[in-house]
Asks: 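Please find one structure pasted underneath; my questions will follow.
Note: hydrogens, waters and symmetry copies are ignored here, and every other heavy atom, side chains too, is used.
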Amino acid sequence: MDFLLDAINNWLKELLISGITNNLTGLFDSLNQEVSDIATQVGQTPADWNGSIFNMIRTLSETVIVPIAGILLTFVMCMELIQLIIDKNNLHDFETWIFFKWIFKTFCAVLIVTNTWNIVMAIFDVAQHVVNQSAGIITADTAIDLDTVIPDLAGQLEAMDVGPLLGLWLQSIIVSISLRVLALLIMLITFGRMIEIYLVSSIAPIPMAAMMGREFGGMGQNYLRTLLALGFQAFLIIICVAIYAVLVQGIAAQADVSAAMWSCMGYTVLLCFTLFKTGSLSKALFGAH
């Protein structure tokens with residue numbers, strides 16, 4: 001009877017060890033790939049990220065949005081002229097130089113609207129330069145190596161009984177599913193940022209048309225703050241990845257398999273949360289609404 005129980009116990013043990021090993025094999029592959037791609041993704045300009053989408057957005061902006069911006073610009077500058085005329089004591093104190101002032105402001109406004117796309121792309125070019133410079137300085141190895149994180153895995157599993165192995169098997173399933181979901185979230189955050197850049201860039205001529213007006217100037221100023229926030233959000237993302245790299249390299253030689261797995265998942269959750277918060281943080285820093 002004891003022989004039969006031992007055989008069943010050994011069979012269950014081998015089955016659980018095989019299941020745990022299979023769950024942990026390739027566990028960090030997708031996560032490592034997504035994290036390593038972050039620096040590449042955020043370091044690209046809109047034109048480099050996807051040329052087809054970039055050309056489509058540029059065409060829509062120049063053919064659909066620019067005419068609307070021209071109408072808005074006409075309205076804004078007419079309002080500006082009226083304000084300049086009536087500001088001087090209801091026309092009792094009238095000076096002809098205000099027309100030269102209005103002509104100069106109109107010239108600047110037209111210049112800004114006609115070169116909106118170049119201005120917007122210049123902001124992201126500057127941000128890309130900052131990101132590329134910082135990536136070479138602060139970004140370390142973000143890959144999680146199973147043999148390093150969980151040393152002597154086979155020996156640790158062989159030394160465990162069936163009960164702890166069953167619990168570890170359930171934990172490995174939960175961690176495996178969670179890390180794959182977190183890898184997907186990281187991809188969505190980085191892709192979502194670039195899509196947001198395309199959306200904001202597509203309507204750029206409209207807020208820029210209001211830049212020179214006193215009543216509507218805040219629209220253009222806030223738009224520029226938003227562009228700066230989106231551009232330099234990439235720098236904050238690079239810092240998050242660098243902090244994550246330092247944390248995961250400190251996981252090595254954990255006391256047991258379970259602690260190592262949950263530490264990896266905890267740091268990955270922290271990375272996803274901080275990546276998600278970089279958008280609101282960058283907007284707060286640049287005063288964008």
Asks: Would you say that L184 contacts M187 through its side chain, given a criterion of any heavy-atom pair below 4.5 Å between the two side chains?
Replies: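 Yes. Closest side-chain heavy atoms under 4.5 Å.
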Asks: Suppose we screen for side chain to side chain donor-acceptor pair (under 3.5 Å). Which residues come up paired with N55, at least two apart in sequence or across chains?
Replies: none
Asks: Verify, without hydrogens or angle tests, whether Y223 (side chain) and P205 (backbone) share a donor-acceptor contact under 3.5 angstrom.
Replies: no
Asks: With a 4.5 Å heavy-atom cut-off, do S280 and K277 have their side chains touching?
Replies: yes
Asks: Between F191 and W49, what is the ring plane arrangement, given parallel below 30°, perpendicular above 60°, and tilted in between?
Replies: perpendicular
Asks: For W117, is the CH2 atom crowded, meaning more than 12 foreign heavy atoms sit under 6.0 Å from it?
Replies: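 Yes, because the 6.0 Å sphere around CH2 of W117 holds more than 12 heavy atoms from other groups.
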Asks: Atom CD1 in I68, atom CG in L73: separation rounded to 0.5 Å?
Replies: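 These two atoms lie 13.5 Å from each other.
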Asks: Compare all side-chain heavy atoms of R58 with those of S201 and state whether any distance is below 4.5 angstrom.
Replies: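 The answer is no, as the side chains (C-beta and beyond) never meet within the 4.5 Å cut-off.
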Asks: Does F286 have more than 12 heavy atoms from other residues, nucleotides or ligands lying within 6.0 Å of its CZ?
Replies: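 Yes, the 6.0 Å shell around CZ holds more than 12 heavy atoms from other groups.
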Asks: Flag the pair T278 / I239 as yes when at least one side-chain heavy-atom distance between them is below 4.5 Å, and no otherwise.
Replies: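 When only atoms from C-beta onward are counted, I239 and T278 do not touch, as no gap falls below 4.5 Å.
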Asks: Which residues, ordered by chain and number, are linked to L199 in its hydrophobic cluster, where ILVMFWY side chains connect at heavy-atom gaps below 4.5 Å, directly or through other members?
Replies: I195
Asks: Would you mind reporting whether I186 and C272 have side-chain heavy atoms less than 4.5 Å apart?
Replies: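 Touching, per the 4.5 Å side-chain cut-off.
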Asks: Hey, quick one: are V200 and L285 part of the same hydrophobic cluster, counting side-chain heavy atoms closer than 4.5 Å, chains of contacts allowed?
Replies: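 Yes; L285 is reachable from V200 via cluster members.
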Asks: Can you tell if the side chain of L182 reaches within under 4.5 Å of the side chain of L185, non-hydrogen atoms only?
Replies: yes
Asks: Got M194 and I197 here, is their nearest side-chain heavy-atom distance under 4.5 Å?
Replies: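 Heavy-atom side-chain distance check passes, below 4.5 Å.
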